[in-house]
Structures are given as C-alpha cells and as structure tokens.
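Read through the structure below, which is laid out as structure tokens, and then see the notes.
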Amino acid sequence: MVEMADARGRYLGRIRRGRRADFIQDMAQDERLAFDKHWELQAHDGQIAPPGEWSTWLLMAGRGFGKTRAGAEWARAVAQADGTARIALVGASLAEARAIMVEGPSGLLAVAGAKQRPRFEPSKNLLRWPGGAEARLYSAAEPESLRGPQHSHAWCDELAKWPASTSRAEACWDNLQLGLRLGRDPRSVVTTTPRAVPLVRRLIADEGTVVTGGTTLANARNLSPGFIAVIERQYAGTSFGRQELNGELLAEVDGALWSRALLERCREAASPPACGTGSGGGPAPDGAWSRVVIGVDPPASAQGDACGIVVAALLADGTALVLADASVERPSPERWARAVAEAAAAWHADRVVAEANQGGAMVASVLRAAEITLPVKLVHASRGKTARAEPVAALYEAGRVRHAALFAKLEDELCGLMAGGGYEGPGRSPDRADALVWALTELMLGRVGRPQVVGF
C-alpha cells in the first residue's frame, strides 16, 4: 500500500489543483496515512528548498503562505538526515521561538513523525532528536547569546521583526554566521514577511542568498475561504496588502520625507508602558509620560477619506512616543467624534488637536456632541501638508520620536510624503500622517509653557 501511495503521490503533483481534494478523498485510509507522511508531496512549490549552491535561503512571502511549515520541515529533514547536526533556531524573542517554531501548529514538534519526534527540554531551550541531532533556541533580542556557540545549520523566523534599534538584528545575524562553522555545508533558512529593514536588504544583496517567495493565495487550499474573502476585501490594492499578502518588498520612494528603514529604527522593541490591552491604553507609570495628545485630521464630508486619529505622548526625557493609530475609514461625523472620545478616554489624553480648515465651527460642535470634556485646540493649516511635516520628519531623523508598534497604514502614508511637496502614498490624502504631524507639533514644536485650556 505504501508503494501505491507513493505512485499516487507522484501522479498527484501532475493533476490539476481543482481535482486534488477529490483525488485524496478517493484514497483508502492506509494510503492517506502514508501520503500524510510525505511533506514533499503535500507542499506547494514555494515551500520546497531551492536547488543548487546557496548559504542562505530567504523565503519572503505573504501571511498564511506556509513559511513556518517550510522552515520546520527543512530543519526536521536536516535533523533526521544528520545525527551530528547542530541547529540554531532564532526568533524575535525566546517566547516566539518556542511558541511558533517549536510548539506551534506548524512547528518542529507538530511536523515530526511519532518515531522521529524530538524531545524538548524547555529549561535548556533545547530539542534532541532520537538520531542525535540537536537544536537550540535563541532570541534575536540577545545577540550576545550567539557569541560562542557553534552550529551546522540555522533556521531564523520572522527576521523582519527582529529588533532593529541599536542594530541588534544585524549583530545577532553576524554572531550567528560567525558560529555557523560545523559540518561540510553550513546553511541558514530565513522565513519572514517582507519588510525593508536593513538586514533584509543586506541579505538580498548577498550573492550567497537565494530569494524565493509567494502570496497568501499560494496556500489557499489550507486557508479558510472566509479569511481569504475578508483580507481581499480589506487589503487588496493597498500597500499593506502588497507587503503582508502578496509578499512584496516595498521599495523606498526617492525623495520621501520618511523611509521604511528610518521607521524601523524608530520602533520600540517592547510594548508601550501603558495599562490595558489591545489598542486601548491607560495611565503611564509614574513619570513616564508628561503629556498625551491626540491629533485629528477630520474628513471634509461623510463620504470623504479617513479621519486621521493618532495618539502620541511626550516622555520624561523629552522624546515622543506614538502610541496608537485610532483612525477610522469613511466615517460619519458622529462616528469619528466618538472614536476621538474613546481614544482620549483610553489613553487619558490631556488635549485634542484638530485641524479646522474644513469648518472650525463644525469640528468644534461635533467634538462637543461626543462629550469630550478635555481641552480641544483647533488649528488652521497655513502651509501645505508636506511643509508642516518636514520639521516633524527631522525629529525622527534626530531619534526624538519612536513608535510603540507597527502602524502599517500610517507608515505607508508617511513614506509617501515627498520633500518639496507632493504625496505619492496610498489614498487621496495622508489623513493619518497629517494627524500625527498635528500631535507631534503640539508636543514638541509648539511654544514652551504650561498647557492651558483652549475653548471652542
């Protein structure tokens, strides 16, 4: 029966995808069990390691593509083929390495057969296979942990999420490569969603790297149809969708005030020091924040673009932290005003700064109707969006602004603001970016002095 399953498996690769499910359904139970053990027959083309000589396989693809499964199956095959293999498993943190690379639904424990299942020793961050191969977990946030250990192979997951501040990601990679000196053919596999961080660009430029990738839809047969419908409806055609779903590495726009590399350097490695969960917040720990401001760029009409709503805090050391993007798409006046009020309550804001060029009285009355009790400052734009953004971009360059998380849509807009004027980002207008500019201008570029109540 095993031979028959192998024969059907070879044929399976040649039949049309539309008949695949029916073909497998026709198998006898023992045939199906035998087939399930053959990863090479189940994998789609993008999940199989490329042929030829390479030192690094960089698999950059959309979410749901099956990157983690591909990395785990590669590491499993190495361990089962070579009892002397010593594999480094490097994640953005030890917690992620364990939860995703080892214990996750596509991790090393899940893909192992019953007789070849490795033993995991959490206290040592170590896996041992029956044949003698070993794999050890490492955190990219601790580059020095890779200084000294030797390995024959490495699997690095979500490299684009590795902490870019103070060049820790590159230090981690360098220490890993210097220790990759066991065996006759040391190799690294990197599975990641594409983001234009310095280390990703460096690997792409390396002649020893083979780059492959694909879209979320390449793995559609293993994904919920409802999930696919939702993501296509929400993100098709957007920069976020091109990166996170299509697996594209978005190039920098020449002449933009912000670059993606700059924003990655400005990202906090840890969560914001707020109480609460999700997108909400709370009071900062004692002395952490001296002010919290919400910048608002109201839409011109209910049928207009998004209402930009960005929350930012001034820290005790004089720098700013962007806490949240609470913007809402195509909202009614009541809806965007309510979103402002909810953000103000969640983050304990002390002021709302709202652009009033599209009718100051209307903006004031809408916010008043939402029962916002904190001071509201109405600002009038006397210069274009780009001219207002230039001094704020200079704050980023100087390292005086950080982001508490990845704000994909906001950052897409920032990277579309052009020096000297113009906008080449998503949408008709950079509403989120404009809200951020108003918030940071109030916090860091306004007149020095005690905050005062500003009436409507």
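- Taking both residues in full, the closest heavy atoms of Ala92 and Pro163 are given as O-CD, 4.4 Å, listed atom of the first, atom of the second, then distance.
- Looking only at side-chain heavy atoms (C-beta outward), Leu315 and Trp289 come within less than 4.5 Å of each other.
- Counting non-hydrogen atoms of neighbouring residues, nucleotides and ligands closer than 6.0 angstrom, the CG atom of Asp45 reaches no more than 12 such neighbours.
- The backbone N or O of Arg267 sits less than 3.5 Å from a side-chain atom of Arg402, completing a donor-acceptor pair.
- Minimum interatomic distance between Ala439 and Ala312 (heavy atoms only, all atoms of both residues): CB-CB, 4.2 Å.
- Taking every heavy atom of both residues into account, Ala404 and Leu321 meet most closely at N-CD1, 3.7 Å.
- Not counting sequence neighbours, Trp129 has no partner by the ring-ring contact (aromatic ring centres under 6.0 Å, His included) test.
- Using a cut-off of 4.0 Å between Lys/Arg side-chain N and Asp/Glu carboxylate O, Asp434 and Arg388 are scored as salt-bridged.
- Applying side chain to side chain contact (heavy atoms under 4.5 Å, CB included) to Ile231 and the options Thr216, Leu223, Leu217 leaves one that passes, Thr216.
- Under a 4.0 Å N-O distance rule, the pair Glu329/Arg432 qualifies as a salt bridge.
- For the residue pair Leu176 and Ala88, the shortest heavy atom distance occurs at CD1-CB, 3.7 Å.
- The minimum heavy-atom distance linking Trp54 with Pro50 is given by the pair NE1-O, 2.9 Å.
- Scanning both residues, Glu248 and Pro194, for their nearest heavy atoms gives O-CG, 3.4 Å.
- Counting non-hydrogen atoms of neighbouring residues, nucleotides and ligands closer than 6.0 angstrom, the CZ atom of Arg147 reaches no more than 12 such neighbours.
- Side-chain contact between Trp173 and Thr56 is present, with heavy atoms from C-beta onward closer than 4.5 Å.
- Side-chain contact between Val190 and Thr209 is absent, with no heavy atoms from C-beta onward closer than 4.5 Å.
- Using a 4.5 Å heavy-atom cutoff, the side chains of Trp155 and Leu108 are in contact.
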